[in-house]
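Only one structure is covered here, and it is reproduced in the block below.
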Amino acid sequence: MNRERAAVCHCLLIETDSDGLVLVDTGLGTADLQHPDRSLGADWVAYAQPALNPEECVLHQVVRLGYAPRDVRHIVLTHLHRDHTGGLPDFPHARVHVHPDEYRSVTDPTAAHHRYSLDRFMPSHRAHDPLLTPALAAENSEWFGFPGVARPQGMACELSTPRPFPTPSSSRSSREHRPTPRLAS
């Protein structure tokens with residue numbers, strides 16, 4: 001494997017006083033590591049050459065830090081690509097917060113990019129029927145120069161989710177990712 005090209009997803013675990021553990025993105029999950037071609041798609045695995053080391057899986061890292069998987073009460077997803085959602089089945093009880101545009105694109109068959117969005121939000125990552133929750137977006141919302149941010153619902157701590165990729169034909173590179181949500185000041 002060419003480690004210089006290996007796809008990775010940086011995940012962030014936030015310990016809060018009011019909301020327990022909040023996980024930002026999940027990276028690849030344990031099931032992805034067991035059956036990567038089936039779970040992630042053989043073409044994507046061949047192209048991305050993801051690191052398939054179980055020790056790098058966020059579930060193992062959460063446990064290594066001394067927490068139980070159930071301690072992760074909220075997951076904030078920056079977007080619904082397979083390398084960000086693979087760990088959702090490892091935390092089936094967590095509320096999953098997504099930008100309202102992403103939420104609509106996977107739940108509303110009349111949404112402009114519904115089919116494309118479902119294709120990139122892998123069936124194996126959503127088969128357990130995750131508790132998807134649309135974040136709240138104010139009109140013309142901006143945070144530190146990021147337009148279209150939204151705030152997850154039902155959390156006392158303040159986080160923002162960025163606007164997802166605008167279209168399936170986005171001119172951005174498939175390897176370029178949106179910035180991760182950050183704690184609002």
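Just so we're clear, the structure is a prediction, and the values are computed from it rather than from any experiment.
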Quiz prompt | Residues, nucleotides or ligands: over 12 heavy atoms within 6.0 Å of Arg70 CZ | solution = no

Exercise. Evaluate whether atom CD of Gln61 has more than 12 neighbouring non-hydrogen atoms of other residues, nucleotides or ligands under 6.0 angstrom away.
Key: yes

Quiz item: Can you check side-chain contact (heavy atoms from CB on, under 4.5 Å) on Val62 and Asp71, steps first, answer last?
Solution: CA-CA 9 Å; Val62 166; Asp71 294 335; 5.9 Å; no

So do the side chains of [X] and [Y] get within less than 4.5 Å of each other, counting heavy atoms only?
{"X": "Arg73", "Y": "Thr16", "result": "no"}
{"X": "Ser39", "Y": "Arg82", "result": "no"}
{"X": "Pro69", "Y": "Leu59", "result": "yes"}

Look up atom [atom1] in [X] and atom [atom2] in [Y], then write down how far apart they are to the nearest 0.5 Å.
{"X": "Thr107", "Y": "Glu102", "atom1": "OG1", "atom2": "CD", "value": "10.5 Å"}
{"X": "His114", "Y": "Asp119", "atom1": "NE2", "atom2": "CG", "value": "9.5 Å"}
{"X": "Asp90", "Y": "Leu88", "atom1": "CG", "atom2": "CG", "value": "8.5 Å"}
{"X": "His99", "Y": "Arg104", "atom1": "NE2", "atom2": "CZ", "value": "13.0 Å"}

Give a yes or no answer on whether the side chain of [X] reaches the backbone of [Y] with a donor-acceptor pair at less than 3.5 Å.
{"X": "Asp108", "Y": "Thr110", "answer": "yes"}
{"X": "Arg151", "Y": "Leu136", "answer": "no"}
{"X": "Glu55", "Y": "His60", "answer": "no"}

Quiz item: Leu28 and Met122: same hydrophobic cluster, using ILVMFWY side-chain contacts below 4.5 Å?
Solution: no

Practice problem: Please report the C-alpha distance between Asp83 and Trp44 in whole Å, then the side-chain angles of each, then the deciding distance to 0.1 Å, and finally whether the side-chain contact (heavy atoms from CB on, under 4.5 Å) criterion is met. | Solution: CA-CA 10 Å; Asp83 55 327; Trp44 185 85; 3.9 Å; yes

Exercise. Taking all non-hydrogen atoms of both residues into account, name the closest pair between His74 and His97 and its distance.
Key: ND1-NE2, 2.8 Å

Quiz prompt | Closest non-hydrogen atom pair between Val72 and Leu13, with its separation | solution = CG2-CD1, 4.4 Å

Self-check item: Asp32-His125 side chain donor-acceptor pair, cut-off 3.5 Å
Solution: yes

